[in-house]
Structures are given as C-alpha cells and as structure tokens.
Amino acid sequence: MALTDTTSTRTIVAPDNRPTRAHHGAGRRVLGIPYAVFTGALAIIFLYPLVWTTVSSFSPQAGSAQTEGWGFGNYVSLANFQAGIWVYLGNSLFVSLLTVVLTLITSFLGGYAFARFSFPGKNLLFLLVLAILMVPYATLLIPLYVILNAIGLNNSLVGVALVLTMFQLPFSMFMMRISFESIPREMDEAALVDGCNSFSALWRVLLPAVKPGLITVGLFAFLTAWNDFIAPLILINDTNRMTLPLAVANLRGQVMGVVDYGATEAGVVVLALPCVVLFLVLQRHYVRGFMSGAFKG
C-alpha cells in the first residue's frame, strides 16, 4: 500500500530571470560613467579658455599695466582707454537693448501672423525672411551703409541696432512661428468666446504661452548685439560711439603696434561676464523655448 502525505505540499518555483531594480540601477551607473566622462571633458574644453583669460587678466605680464604682483592694473588701463570704459559699455548696452526690443516686437507680431493667419504669398514671404541667412553677413554691410547714410542714420548707434535686428529676423521669426504653432487654436477661440478681441487674446492668453520662445529670441539677440564687431566697425567712425568689442580691439595695439594682452584679457572678461550671467539666469527658459515646437498640442 502506498502512503501519501497530504499534510504538506511543496511548490517548486522556477527561478525568475527577469532583471531586478538593482540590476537596472547598476546598468544605469555603468552606462552613466562614459556619459559623465564625455560631458566633463567637454565642460573642461569650453571653460578652460574663459578661466585662463580671467586668471591672466589679474596676473602680472610684461608690457601691460600689471607688471608686478596680482591686481586690477589691467582693468584700470581698460577703464581709462580713450573715452573710458563706461562710455563704451553704455554704447554696447544701448545697441543691445534696442536690438532686443526691436527683435522681440517684430518677431512676436510676425510669428503670430505667420502662424495664425492665411494670406496670399505667406509662405513666399516667410522664405524671403529666411533667405537672409543665405547671404554672407559682410556682403550686406556696404549696401546697408549706403542706405543708412541716405536716411541720416550713418555713424549712429540706432543704425547699428537696426542692422543687427535685420540679421536676427530669420531665426527669431522662425522661432516665434513654431512657438505659436505649438499652441492649440482652441485657446484663441476660447478667449474670443469669453469676450476678448484679437489683441486681448494675443496679449493675455498667447503671450504667456510663448514666453519661453520670447526669452530665447531675446537672449540670442542680446548675445549677438553685445558681441558683434564687424557691424560697428563698418558703420561707426566716431571713437565716442564705439561699442565695447570695437574699443577692446583698438586697445590691443594702441602703442606702436604692441599688443597689450593684459588689458585685452580684461576686456574679454568684461565682455563675457554679462553673457554668462544672463545665460545662467535664463537657461531654464532657454531650453523650454527650443523645445516649444517639438511637440504640438
């Protein structure tokens, strides 16, 4: 007779070969090492020139105002050059802010028109705006110089700002068009139903929605205008109206063609500081602005 034990039952479970959460975490850490090394190397490559220039601007150098010890001699030399650094900073700030304002207004209204309205020749006009990118920057400055001279804006900071705004139009118009196109049209319709007119809907509803795109456009316009050298070089011939990049370039060879590297490095630091601060403050909006057209609602 066979005896069967019915009081206990054993269940044999096959081993689970699926990866556990610990395995996933280990895999991410292993794959993250090359990424960290690569991004760290890129950071060092891009930051090293800026760090080296900043340190050198305070260090003693032969042929500069800071020949012994560490200090601000190079910055004093930069501040006292010709009309003074505050004049050149004011000129650069005026040109940059005017360029930003004109670029934001033009691209905001133009991007809204291209994204929301249909009119004859819309795509052709948009292609003509983008076609500015196909023409070399320097080749347009001589015709623009003649035009500005004819309307009385030659040797004028306003004229420089107008020229820089024109060269910002292709990118800024494209950026604002995709920003508006990423917003559902139902938002416009809901605002109109609630009693808004077209301008109120644009100002109260669409403007906050495209804010990241506007910040991106404004940041690019400021960086371009602040660092531009060739347009002021061609359009400005008065030393008191020079922008800071042009003044730093003239400072390099002020004494018998000898390059004052210390003052030049100080000028580079002064030029770079506002750009770095602005980018660090606005980088979150900057990334959101570039991603605004990636997914349409």
Side-chain angles (χ1 to χ4, degrees), residues 46 92-119 121-138 140-141 144 160-189 191 198-231 272 274-297:
F46 283 106
S92 290
L93 191 61
F94 176 81
V95 171
S96 301
L97 293 181
L98 184 57
T99 301
V100 169
V101 171
L102 293 176
T103 301
L104 288 178
I105 294 175
T106 306
S107 61
F108 178 69
L109 298 177
Y112 175 69
F114 281 120
R116 287 296 193 261
F117 298 105
S118 296
F119 51 88
K122 180 179 78 170
N123 293 330
L124 178 60
L125 180 60
F126 188 68
L127 288 176
L128 288 176
V129 174
L130 296 181
I132 299 176
L133 292 173
M134 305 177 187
V135 183
Y137 175 41
L140 292 177
L141 287 177
L144 289 173
V160 175
L162 290 174
V163 170
L164 295 175
T165 301
M166 186 201 72
F167 285 110
Q168 285 298 303
L169 283 181
F171 168 77
S172 58
M173 201 73 73
F174 175 79
M175 190 74 198
M176 293 312 302
R177 179 176 182 176
I178 64 175
S179 295
F180 278 109
E181 288 179 345
S182 66
I183 302 172
R185 289 182 178 268
E186 287 77 6
M187 293 183 63
D188 308 46
E189 298 170 357
S198 298
F199 180 78
S200 298
L202 175 63
W203 182 258
R204 297 181 179 180
V205 178
L206 297 181
L207 177 60
V210 298
K211 180 181 175 182
L214 283 172
I215 292 177
T216 303
V217 168
L219 181 60
F220 262 80
F222 181 87
L223 295 180
T224 301
W226 181 264
N227 294 304
D228 191 81
F229 171 77
I230 188 170
C275 302
V276 173
V277 172
L278 271 180
F279 184 80
L280 291 177
V281 172
L282 301 176
Q283 61 176 336
R284 178 168 57 90
H285 302 283
Y286 170 80
V287 174
R288 288 180 57 195
F290 269 113
M291 293 299 294
S292 61
F295 303 100
K296 294 186 179 181

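All of these numbers come straight from a predicted model, not from anything done at the bench. The figures that follow rest on heavy atoms only: side chains count, while hydrogens, waters and symmetry mates do not.
Between atom OG of residue S92 and atom CG of residue N227 there is a gap of 9.0 Å, rounded to the nearest 0.5 Å. Atoms CE and CG, from M166 and L140 in turn, are 5.0 Å apart once rounded to the nearest 0.5 Å. Between L214 atom CG and T103 atom OG1 the span is 11.5 Å, to the nearest 0.5 Å. Rounded to the nearest 0.5 Å, atoms CD1 (I215) and CG (L278) are 11.0 Å apart. Note that the CG atom of L169 and the CG atom of L128 stand 12.5 Å from one another [nearest 0.5 Å]. Taken to the nearest 0.5 Å, the CG atom of L219 stands 4.5 Å off from the CG atom of L223.
Scanning both residues, C275 and W226, for their nearest heavy atoms gives SG-CD1, 3.6 Å. The heavy-atom pair separating S182 from S179 by the smallest distance is OG-O, 2.6 Å. Among all heavy-atom pairs drawn from I183 and M187, the shortest one is CG2-SD, 3.3 Å. P170 and V129 get closest at one heavy-atom pair: CG-O, 3.3 Å. Heavy-atom minimum distance, V217 versus S172: CG1-CB, 3.4 Å. When all heavy atoms of P184 and R116 are compared, the pair lying nearest together is O-NH2, 3.8 Å.
Crowding of F174 atom CZ: a count of heavy atoms from other residues, nucleotides or ligands under 6.0 Å not exceeding 12. F46 CZ: 12 or fewer foreign heavy atoms inside a 6.0 Å radius.
In this structure, F126 and F114 have perpendicular ring planes: the angle between them is above 60°, well past the 30° mark. Using cut-offs of 30° and 60° for the angle between ring planes, the F180 and F108 rings count as tilted. The aromatic rings of Y137 and F167 sit perpendicular, their planes meeting at an angle over 60°, well past the 30° parallel limit.
Looking only at side-chain heavy atoms (C-beta outward), M176 and L109 stay at 4.5 Å or farther from each other.
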Requested in this report: Kindly determine whether T99 and Q168 satisfy side-chain hydrogen bond (donor to acceptor under 3.5 Å, both in side chains), including the steps that lead there.
Outcome: CA-CA 9 Å; T99 301; Q168 285 298 303; over 6 Å; no
